[in-house]
Amino acid sequence: MVSAMLSETRYNTKCGLSAVFYNSEFSKFSNYINAAVEEFKSRANKPGQFLNWVDLPKNQLTRIDDIYSMASKLKSQTSAQYLTVLGIGGSKHTVENMLSINGLNIGNREILFYSDIDSASFNRYLYLLGNDVTKSNYLVASKSGSTFETKDGFLRIKKMLEDAYLAKGLTEAEAKLKTSLHFIAVTDKNSEKSELRRISNSENWLGDLYIHDDVGGRFSALDDHALFTLAYAGMPKSSMEEMLKSAQQISELSLSSDFNFNLAYAEAAFWAAERIKGVYSSVHQYLGSMFDCTVNWHSQMQNESVKDTSKQIAKVPDAMHHSSEAHFNPDNKFAFALTVPTDNGIASENTEGYISALSKSYSVSGSYFCEYLETEKMSLTPAAAGAMVQIRAFATVYQEIIMGLYNSKALPDVLSSVLQPHVEFYKKNLKPQSDGKDVVVAGRIS
């Protein structure tokens with residue numbers, strides 16, 4: 001609920017996430033909330049709108065038992081030490097973020113990632129495995145199954161696994177069977193659309209994990225690749241249930257036309273108000289090491305959805321000293337946001353003082369809001385984790401809707417914030433040229 005006092009406006013979602021806004025003119029957009037929410041509702045969960053993440057938490061609650069069963073079975077059928085996630089973009093950053101904010105995989109003890117294509121990076125990855133690819137199971141995440149970077153790593157590792165088992169004296173058929181036990185695919189359900197699904201089916205890989213239709217990568221923090229990895233890394237089932245229920249509560253709050261409760265709309269209005277004032281440079285910082293991976297995920301959300309690079313997203317304290325010279329220079333105009341964990345531990349007094357100092361500095365220098373996320377031990381609470389990722393998704397899309405309403409501009413058939421057509425500019429150069437020669441050969445094993 002919201003309360004106002006002087007230049008402060010406060011929200012509390014009751015889902016482990018609250019926020020305080022300072023010196024912002026965002027409330028003037030309260031007049032648009034009915035139209036914005038109705039626009040969102042008219043598109044949510046409709047085919048082709050890429051908004052199926054709105055009710056994804058509710059739908060995923062029905063699949064938790066299956067996900068945990070598959071994670072347990074994959075572990076038992078190989079006894080591998082690690083799970084390696086093979087994927088790029090949303091197939092990687094969402095998982096890294098969800099592991100980190102939930103206090104899992106600290107020190108890369110259970111989960112590794114490989115998303116590179118160069119030899120040095122591949123050698124560094126193999127070094128982590130002691131040059132033994134049989135020490136890991138592999139989650140291959142790609143909607144189409146033909147993503148160049150993912151396919152390159154997957155086929156390379158698959159060949160190395162087969163060779164490793166052949167070297168142990170297995171027949172070719174036995175080596176292929178043993179190799180298949182190391183893999184699970186997260187891809188399109190339809191084998192006609194996914195090369196990876198066809199491979200998974202033909203080689204009898206474990207299970208059925210999906211990248212759900214109309215859930216873009218950066219919006220997929222609660223899709224199968226993330227939930228499976230959380231389960232594999234040891235997240236209690238009860239915590240996953242709490243996280244998903246909280247995320248669904250945020251979906252319901254974010255479709256409310258009451259400006260006093262809809263924090264996602266308020267955050268979108270904040271950024272829209274600054275842009276309309278002519279403040280094009282903005283900063284969103286996260287306090288603490290649990291957010292190391294959040295920065296990459298949020299940057300992807302910003303670049304692919306808002307489609308500009310004028311927002312700086314970084315972690316503090318690391319980035320504070322070297323960025324504050326520019327942030328607090330009166331010649332520069334910024335809008336600021338800070339996301340912080342509540343601190344009930346040994347460092348709480350200094351943490352609170354640090355947050356207070358930053359809040360005072362930011363609120364004096366420009367418009368500012370601070371998000372507070374509830375914590376436990378080394379992580380966010382499951383409720384806060386679910387709330388944060390869902391708030392980000394809604395706020396990102398609402399920003400486009402608000403700007404369209406303000407400028408009396410007709411919105412496109414599919415919102416620009418959920419699409420990424422410009423990435424095809426470089427992807428086309430990975431495909432055969434007119435002379436029939438490949439610039440690169442996707443997945444070639446040399």
Decide yes or no for [X] and [Y]: does some side-chain heavy atom of the first lie under 4.5 Å from some side-chain heavy atom of the second?
X	Y	value
Thr9	Phe369	no
Ile111	Val85	yes
Arg43	Leu411	yes
Leu253	Asn262	no
Phe228	Asp66	no

Where do [X] and [Y] come nearest, in terms of heavy atoms and distance?
X	Y	result
Ala326	Asn332	O-ND2, 3.1 Å
Gln49	Asp413	NE2-O, 3.0 Å
Val418	Val414	CG2-CG1, 3.9 Å
Leu338	Leu358	CD2-CD1, 3.9 Å
Arg218	Ser417	NH2-O, 3.0 Å
Lys135	Gly130	NZ-CA, 4.4 Å

query = Mind checking what makes ring-ring contact (aromatic ring centres under 6.0 Å, His included) contact with His298, not counting sequence neighbours?
reply =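 His298 satisfies ring-ring contact (aromatic ring centres under 6.0 Å, His included) with His284, Tyr286 only.
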
key: Residues which pass ring-ring contact (aromatic ring centres under 6.0 Å, His included) with Tyr280, listed by chain and number, not counting sequence neighbours   =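 Checked Tyr280 against ring-ring contact (aromatic ring centres under 6.0 Å, His included); zero matches.
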
Would a distance-only check, ignoring hydrogens and angles, find a side-chain to backbone donor-acceptor pair under 3.5 Å from [X] to [Y]?
X	Y	result
His212	Asp223	no
Asn102	Leu104	no
Asn407	Met403	yes
Thr94	Ser91	no
Ser72	Tyr68	no
Ser305	Gln302	no
Ser356	Glu352	no
Arg10	Val20	no
Glu374	Thr381	no
Asp214	Asn45	no

query = Taking the inter-plane angle between the rings of Phe122 and Tyr114 on a 0 to 90° scale, is it parallel (under 30°), tilted (30 to 60°) or perpendicular (over 60°)?
reply =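 The rings of Phe122 and Tyr114 stand perpendicular, inter-plane angle above 60°.
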
query = Between Phe259 and Phe26, how do the two ring planes meet: parallel, tilted or perpendicular, split at 30° and 60°?
reply =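 Rings of Phe259 and Phe26: tilted, 30 to 60°.
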
Within 6.0 Å of [atom1] in [X], more than 12 heavy atoms from elsewhere:
X	atom1	result
Lys277	NZ	yes
Lys237	NZ	yes
Tyr354	OH	yes
Lys75	NZ	yes
Lys307	NZ	yes
Asp308	CG	yes
Ile117	CD1	no

From [X] [atom1] over to [Y] [atom2], what is the distance, rounded to the nearest 0.5 angstrom?
X	Y	atom1	atom2	result
Ser281	Phe334	OG	CZ	5.0 Å
Asp292	Asn97	CG	CG	10.5 Å
Arg392	Ile250	CZ	CD1	11.0 Å
Glu400	Ser416	CD	OG	5.0 Å
Thr309	Asn303	OG1	CG	6.5 Å
Ser144	Lys151	OG	NZ	9.0 Å

ask   = side chain to side chain contact (heavy atoms under 4.5 Å, CB included) between Glu38 and Lys41: does it pass, once the steps are laid out?
value = CA-CA 5 Å; Glu38 288 308 309; Lys41 285 182 176 178; 4.0 Å; yes

ask   = In a check of side chain to side chain contact (heavy atoms under 4.5 Å, CB included) between Gln285 and each of Gln312, His327, Lys315, which one passes?
value =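 For Gln285, the side chain to side chain contact (heavy atoms under 4.5 Å, CB included) test succeeds with only one of Gln312, His327, Lys315, which is His327.
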
cation_pi(Lys311, Trp271) dist<6.0 Å, angle<=45 =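 Yes, cation above the ring, under 6.0 Å and within 45°.
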
Hey, are [Y] and [X] close enough side-chain-wise for a donor-acceptor pair under 3.5 Å?
X	Y	value
Ser194	Asp188	no
Ser359	Tyr368	yes
Asn105	Glu96	no
Glu274	Ser367	yes

Centre-to-centre under 6.0 Å for [X] and [Y], is that the case here?
X	Y	result
Phe270	Phe29	no
Phe336	Tyr362	yes
Tyr11	Phe21	yes

request  = In sequence, state the C-alpha distance, the side-chain angles, and the governing distance for Ser142 and Thr147, and then conclude on side chain to side chain donor-acceptor pair (under 3.5 Å).
outcome  = CA-CA 6 Å; Ser142 170; Thr147 305; 2.8 Å; yes

query = Between Lys189 and Asp224, does at least one N-O distance fall below 4.0 Å, as a salt bridge requires?
reply = no

ask   = What do the steps show when you test Ser115 against Glu149 for side chain to side chain donor-acceptor pair (under 3.5 Å), and what is the final call?
value = CA-CA 7 Å; Ser115 60; Glu149 299 87 344; over 6 Å; no

ask   = Yes or no on side chain to side chain contact (heavy atoms under 4.5 Å, CB included) for Ser30 and Tyr265, after CA distance, side-chain angles and deciding distance?
value = CA-CA 9 Å; Ser30 60; Tyr265 182 87; 5.8 Å; no

message = Walk me through whether Ser220 and His225 qualify under side chain to side chain donor-acceptor pair (under 3.5 Å).
response = CA-CA 8 Å; Ser220 64; His225 56 299; 3.2 Å; yes

request  = Kindly indicate, with the supporting measurements, whether the criterion side chain to side chain contact (heavy atoms under 4.5 Å, CB included) is fulfilled by Phe394 and Leu255.
outcome  = CA-CA 9 Å; Phe394 271 98; Leu255 293 175; 4.0 Å; yes

note = Sorted by chain and residue number, the side-chain hydrogen bond (donor to acceptor under 3.5 Å, both in side chains) partners of Tyr398 (sequence neighbours excluded) come out as none

